[in-house]
Protein chains: 4
Amino acid sequence: MISNDGLQASFFKLRSNKVFELFVIGIIIFSAVTIGVRTYDLPPLMIDIIVILDITITVIFLMEIIVRFLGEPIKKNFFKSAWNIFDTSIVIVSLIPIEDSELALVGRLVRIFRVLRMVSIIPELRMLLNSLLKALPQLGYIMLMMFIIFYIYAAVGSIFFSEINPELWGDIAISLLTLFRVMTFEDWTDVMYETQAVYGLSWVYYLTFIFFTAFAFLNMIIGVVVNVLEEEHERERQKHAEEMGEPTLMDIERQIAELRTLIVEKAEEKH
Amino acid sequence: MISNDGLQASFFKLRSNKVFELFVIGIIIFSAVTIGVRTYDLPPLMIDIIVILDITITVIFLMEIIVRFLGEPIKKNFFKSAWNIFDTSIVIVSLIPIEDSELALVGRLVRIFRVLRMVSIIPELRMLLNSLLKALPQLGYIMLMMFIIFYIYAAVGSIFFSEINPELWGDIAISLLTLFRVMTFEDWTDVMYETQAVYGLSWVYYLTFIFFTAFAFLNMIIGVVVNVLEEEHERERQKHAEEMGEPTLMDIERQIAELRTLIVEKAEEKH
Amino acid sequence: MISNDGLQASFFKLRSNKVFELFVIGIIIFSAVTIGVRTYDLPPLMIDIIVILDITITVIFLMEIIVRFLGEPIKKNFFKSAWNIFDTSIVIVSLIPIEDSELALVGRLVRIFRVLRMVSIIPELRMLLNSLLKALPQLGYIMLMMFIIFYIYAAVGSIFFSEINPELWGDIAISLLTLFRVMTFEDWTDVMYETQAVYGLSWVYYLTFIFFTAFAFLNMIIGVVVNVLEEEHERERQKHAEEMGEPTLMDIERQIAELRTLIVEKAEEKH
Amino acid sequence: MISNDGLQASFFKLRSNKVFELFVIGIIIFSAVTIGVRTYDLPPLMIDIIVILDITITVIFLMEIIVRFLGEPIKKNFFKSAWNIFDTSIVIVSLIPIEDSELALVGRLVRIFRVLRMVSIIPELRMLLNSLLKALPQLGYIMLMMFIIFYIYAAVGSIFFSEINPELWGDIAISLLTLFRVMTFEDWTDVMYETQAVYGLSWVYYLTFIFFTAFAFLNMIIGVVVNVLEEEHERERQKHAEEMGEPTLMDIERQIAELRTLIVEKAEEKH
């Protein structure tokens, strides 16, 4: 009988194993394929097979989570990772036997979210998602500005145009959706021509809206690009300074000062 | 009874107070929500409540403006800020009692513009807007160029196509709007196929227009990006030079010159 | 009677005069406005006025060209500038009296092109146009690549789809236009669903086309941005080096070498 | 009778000949034109001429490949280039006499792909294609991320919406195509309004999808731009260092150290 520590260490080894990782990725892909296959009309036999496969996948995922949990040296750290909590929840919800047809839909949705486990397994995707999420807060104020523009235009739109076409301008929520549609240029002229028949100047409303949002959007993109370039620039400069051992101008300055001291010393010596 | 100066100072403290600022932001958000709620069909009781709330909001805004005015050390500076003038006008117009149904619409519009007070209150949004406005003049000449392209194409379009579809090409103003629609790619082929049935070569008109505007637009974006990057670059270089105390090459040059003087001096000493 | 040279000099002065320039710009804008006004339905009196105004504008433009020609110190240089030739042609064609209704259209077109004189008069616009034109050749190869993609897809499209919808895929020219439409995403799914009803795999055709063109387009933009940034970077570096008088590392190296010579000399002196 | 080596050398000379290259480019363009012409309705005589021209082009291409093969110093290197294999395959398939109408279509397709020989002949296009292909792997993970987003939304879409409109959401493959359409903003509101009539909250599905894909797409572009800029920056720095002979800070440091040794030496000398 091996010790608890030894068991933990061997589970830790297993979960860090490349083959184990590839096996889990394979199961996730296989699980994604079964989800895709279920959207087609299938013969009853096929559906039975898929149900069995689904149970198998759930069991494998459960075992994988257990391995990862047991492999964790300090148990409470396991639940500090949002990804671990996400993985565990998905597996636990999959385990609940569902009879009700209403809940069956929820069950299918949970199975779909298993595909997201791909992100939790592949480190590069996890890093990518983190960098995407980190970019969001910078956009905070410009998003707020954009929302203010949207809100004001939606309020104006639902005051003036709600009687012309309640399906597009009925209340402020519908108006916000319509304005989003206008921003994507999706049949925006149809929306405009309709209101222009009543208010001849309503093209001013649409054109200013398009200009404001396009301008704010452009600034958002530029903001992100500038930020990314700067970070990249900073990282490169540091890397350059460290790896190449390139001296800075400050080093040069110090060496000249040393030279000066040396000259003074040597001159003193001779007296 | 405290002195006038003491009163001004305490108002100044109040208006710089973080809690006071958050309270005002809260009132603006609340005011925005009531605007949104009014676009829905409401029971009469609800409308009465909103009217009362609206009066309350107006009174709070009035008091806030008074606090900010009294808190200003030099009174005439208050009206030098465009934002103060904007805020005051919005509040004053809200105070006018409106009976007429025509003017009631104006009253509702003014209430919507209260949402813009968000920008005047939150310094980050104010800075953002300033930087957006500062970027505009650089675009001056390229916008003029684009307008010349639009104008020439609109004139040509209304000469050739006005008889084909007066709703799209009737006069130069309508043609400008139609060309803007073509630039956003909104059902532009419908516009083209219609005129192409009469003038077989009219695709040349649309394609050259799309190329010219896309090219000018691209240059506009590049211009802005380059400008922002340069400013950023300049700012960073200065920051770097100042904060890090990093010497410049000119400092190094000066130190070498000092060294030379020192060597000459020491050599002279010995004679 | 003043000498010929004195006359040339005074014309040269006149044409360089700021007020004269603003006057000409004013006339061009006025000419543009009359073009716009003519696209509306006008009472006969108005049309008569416009005809008279048009003659006046033509005469002013003729006089301006004469002033500029006489103000040119070396006459043959006048026709070396493409803008001068453009201006002169526009004015000469405007002078030809047109009776024929067919040619009247040409006359109106020529009048529209007068608006382009704005570009020849305002130096900033001329520079902008030059920089736009200079950017074009860099795009040469990527444009050729894009044309090859378009041509291959158009040929394939007109072989497979010409029987499905001859109006969209009839021959290679029409197919090229249809593909341009697909590239702008203008109702491209309508085009696709139609052919997909016959060839179930035709989505491959559209999706690969969209990917290739989007990718080539993205590269085109990146190419231009990189180029502009580099030029800007180069210009700034030179400006920085020149204006600031900042020494280069090579200067520092030379000064250290001089220091070495000095030390050797001083050491020799003492012996 | 000249030696085999001499023959190879003369073929090598021929294939590197500028005139020969231009002649081949001319033939490719001519071949592209005949492909274009064939998409029009032609009189029988013209079709006969095109058939003869086509045979001529095939023969010229065959001879060109032979020249290039014979001109290759080491024969097996010829088939190491993907472009040579592509060229040879195209020519060989063109040689097969086709009677069957089914295969005739394949024959026409092969003739179209001859246009791609343009890329294999013009070095600049070949370089461009290489740089495009090299940029692809960097996009690998973000493309995978995008596919995961698409797959999850397609699975959810075909569960909820397949009964509303089987033509758009019938199975996961159709749903993926519909989502691509939504991403290009092509009549996406029509798709949305249809499902929103059944599920009032389905706008959440579309808006989050648009945000996620737009965000991932933006990151893809930024990634490419940053990468290109960095490479450019690196190349420029190296070029600058090499060509200009500009010393590095490390050189300066070494020279100061030499100066120190010199001072010490000279001081020692005097004792």
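Interface remark: C:A173 contributes backbone and side-chain atoms alike to the contact with chain D (heavy atom separation under 4.5 Å). For C:I159, the part lying near chain D is the side chain, with the backbone staying farther off; criterion is any non-hydrogen pair under 4.5 Å. The part of D:L177 that comes within reach of chain C is its side chain, from C-beta onward, which places non-hydrogen atoms under 4.5 angstrom from that chain. Contacts of C:T189 with chain D are made by both backbone and side-chain atoms, with heavy-atom separations under 4.5 Å. The part of C:F160 that comes within reach of chain D is its side chain, from C-beta onward, which places non-hydrogen atoms under 4.5 angstrom from that chain. In this structure, chain D has a heavy atom under 4.5 Å from the side chain of C:L207, while its backbone stays farther away. For chain C, the nearby parts of D:L129 are the backbone and the side chain; heavy atoms of each come within less than 4.5 Å.
Counted by atom type alone, D:D171 and D:S158 present zero donor-acceptor pairs between their side chains at under 3.5 Å.
Within the 4.5 Å cutoff, no side-chain heavy atoms of D:R181 are placed close to those of C:M192. The side-chain heavy atoms of C:W203 and D:F180, taken from C-beta on, include no pair separated by under 4.5 Å.
For D:F150 and D:F209, the ring centers sit closer than 6.0 Å to each other. If you look at C:F185 and D:F185, their ring centroids are not closer than 6.0 Å.
Options C:I174, C:I172, C:L144 differ in how many heavy-atom pairs under 4.5 Å they form with chain D, and the most are formed by C:I172.
Between D:R114 and D:D54 there is a salt bridge, since at least one side-chain N of the basic residue sits less than 4.0 Å from a carboxylate O of the acidic one.
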